[in-house]
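Beneath this line is the structure, given in structure tokens, with notes to follow.
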Amino acid sequence: MKTIYLDNNATTCIDPIVLDKMMPFLKDRYGNPSSMHDFGGTVMHDVDRAREQIAGLINADPREILFTSCGTESDNTALLSALESYPDKRHIITTRVEHSAILNMCKHLSKKGYSITYLPVDHEGMIDLRQLEEAITPDTALVSIMYANNETGVVYPIDKIAQIVKERSVLFHTDAVQAVGKLPLDLKELPVDMLSLSGHKLHAPKGVGVLYIRRGTRFQPYIIGGHQEHGRRGGTENVASIVGLGYACEIAQKHMDYENTEVKRLRDKLENALLSIVPNSILNGHREMRLPNTTNISFEYVEGEGILLLLNEKGVCASSGSACTSGSIEPSHVLRAMGVPFTAAHGSIRFSLSRYTTEAEIDFVIKTVPPVIDRLREISPFWGKDNLAVR
Ligand code: PLP
């Protein structure tokens with residue numbers, strides 16, 4: 001059975017060119033970039049080329065690229081660095097729909113006495129910019145708002161948000177883990193101070209990320225050790241993955257148009273078909289302000305886990321918004337924040353495409369999902385004939 005992989009917001013396959021470029025550093029060129037001898041020292045040129053390639057994708061200066069181990073580390077570093085750099089300020093503003101890399105760090109910080117404002121979102125997943133303005137106080141060390149939501153794909157107006165925050169001279173960080181490689185980004189135009197990205201979301205390997213830090217931004221390291229990364233992060237560089245991420249960024253730039261035309265067309269085809277064929281199906285998130293590859297659909301009166309298991313039997317990989325917490329299935333915090341009713345939030349499925357997704361795969365999924373939902377509804381105690389009238 002062939003696997004149809006529509007879970008690219010969870011992780012992506014490594015581009016074969018990226019893998020080729022990485023291989024020498026996993027075999028013969030294993031030197032430490034900090035070594036004095038040429039065998040190691042020349043590897044630093046490859047790390048620096050990757051810095052340039054990544055800077056090229058987001059129109060930054062290579063010196064503004066700090067290598068980390070993942071998106072989570074980048075997010076954690078941004079928050080902790082802001083608080084350490086401005087020790088008199090003890091307030092952070094974020095949203096209720098961030099990734100756990102931000103939310104759980106905020107939870108941890110609030111236990112340590114910091115105050116956190118979680119901006120609410122409306123039913124489309126959008127924040128209210130006036131609420132953001134009102135939340136900023138002289139005590140605010142950092143505003144951290146994601147570029148694009150991993151579950152719904154909702155894209156936030158980061159240009160407007162950054163402008164509001166910078167007018168008040170507060171640090172601004174954006175978690176762009178889901179946006180980089182899918183949307184064009186220009187950090188010469190966008191006044192963000194820090195930005196997180198992660199290799200494995202854009203066809204580079206797992207275990208490498210970047211924190212972009214605008215030149216002149218006050219910064220304190222999170223990982224303290226050697227002098228690597230100009231003293232901003234200790235630890236011997238993950239050279240092969242860094243090299244891979246560099247090439248992945250270069251390739252992503254070449255595919256940017258395809259991502260926003262062809263991948264989007266396939267996403268729209270899947271979304272429109274499922275919404276029209278399956279009764280009581282609802283799109284979650286803003287219809288326009290969205291990543292081109294993501295659709296999140298609720299199938300009312302069924303459990304997302306049930307859908308995933310039956311799709312899995314057909315070789316289709318997707319993801320549900322719910323998570324199993326202490327024995328019971330909890331709907332996603334993102335959908336709850338958007339006020340999605342319980343009966344719909346439980347049956348939400350995220351399909352996330354990539355440039356490797358084919359038309360034939362989408363056609364197969366369009367044929368496969370409706371009977372799966374029918375089968376589950378037949379055994380659902382909440383589903384009756386009356387529900388059909390709702391639509
Ligand atoms: N932020 C967002 C929006 C994400 O989607 C993810 C991963 O799913 C992360 C952060 C964490 O990235 P990583 O898996 O590289 O730690």
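Just so we're clear, the structure is a prediction, and the values are computed from it rather than from any experiment. Just follow the structure's listing: the first ligand is 1, and inside any ligand the first atom is 1. The residues of the chain are indexed from 1 along the displayed sequence. Below, each value reflects all heavy atoms present in this structure, side chains not excepted, and no hydrogens, waters or symmetry copies.
Counting only N and O atoms by type, the side chains of Asp139 and Tyr114 include no donor and acceptor under 3.5 Å apart.
Between Pro292 and Leu183, the closest side-chain pair of non-hydrogen atoms falls below 4.5 Å. Put simply, the side chain of Leu353 reaches to within 4.5 Å of the side chain of Leu6, judged on heavy atoms. Counting heavy atoms from C-beta outward, Glu229 and Pro221 have side chains that stay 4.5 Å or more apart. Using a 4.5 Å heavy-atom cutoff, the side chains of Gln220 and Leu80 are not in contact.
Closest to atom 14 (O) of ligand 1, if we only count protein heavy atoms, is His200 NE2, 2.9 Å. Of the protein's non-hydrogen atoms, the one nearest atom 1 (N) of ligand 1 is Asp175 OD2, 2.6 Å. For atom 13 (P) of ligand 1, the nearest non-hydrogen atom of the protein is Gly71 N, 3.5 Å. Counting protein heavy atoms only, atom 11 (C) of ligand 1 is closest to Thr72 OG1, 3.5 Å.
Applying side chain to side chain contact (heavy atoms under 4.5 Å, CB included) to Leu197 and the options Ile65, Leu185, Val210, Val208 leaves one that passes, Val210.
For a threshold of 3.5 Å applied to N or O pairs, the pair formed by Gln178 and ligand 1 contains at least one separation below that value. Polar contact with ligand 1: absent for Val177 (N/O pair, distance under 3.5 Å).
Residue Asn150 approaches ligand 1 through these ligand atoms, each under 4.0 Å from one of its heavy atoms: 3 (C), 5 (O).
Residue contacts with ligand 1: Lys201 is included, with a non-hydrogen atom under 4.0 Å away.
Among Met146, His99, Glu151, the residue whose heavy atom sits closest to atom 9 (C) of ligand 1 is His99.
With a heavy-atom cut-off of 4.0 Å, Asp75 touches ligand 1 through its side chain alone. Neither the backbone nor the side chain of Glu98 has a heavy atom within less than 4.0 Å of ligand 1. For Ser198, every heavy-atom contact with ligand 1 shorter than 4.0 Å involves the side chain, none the backbone.
In this structure, His37 and Phe39 have tilted ring planes: the angle between them lies in the 30° to 60° band.
Rounding to the nearest 0.5 Å places CD of Glu151 at 7.0 Å from CG of Asn296.
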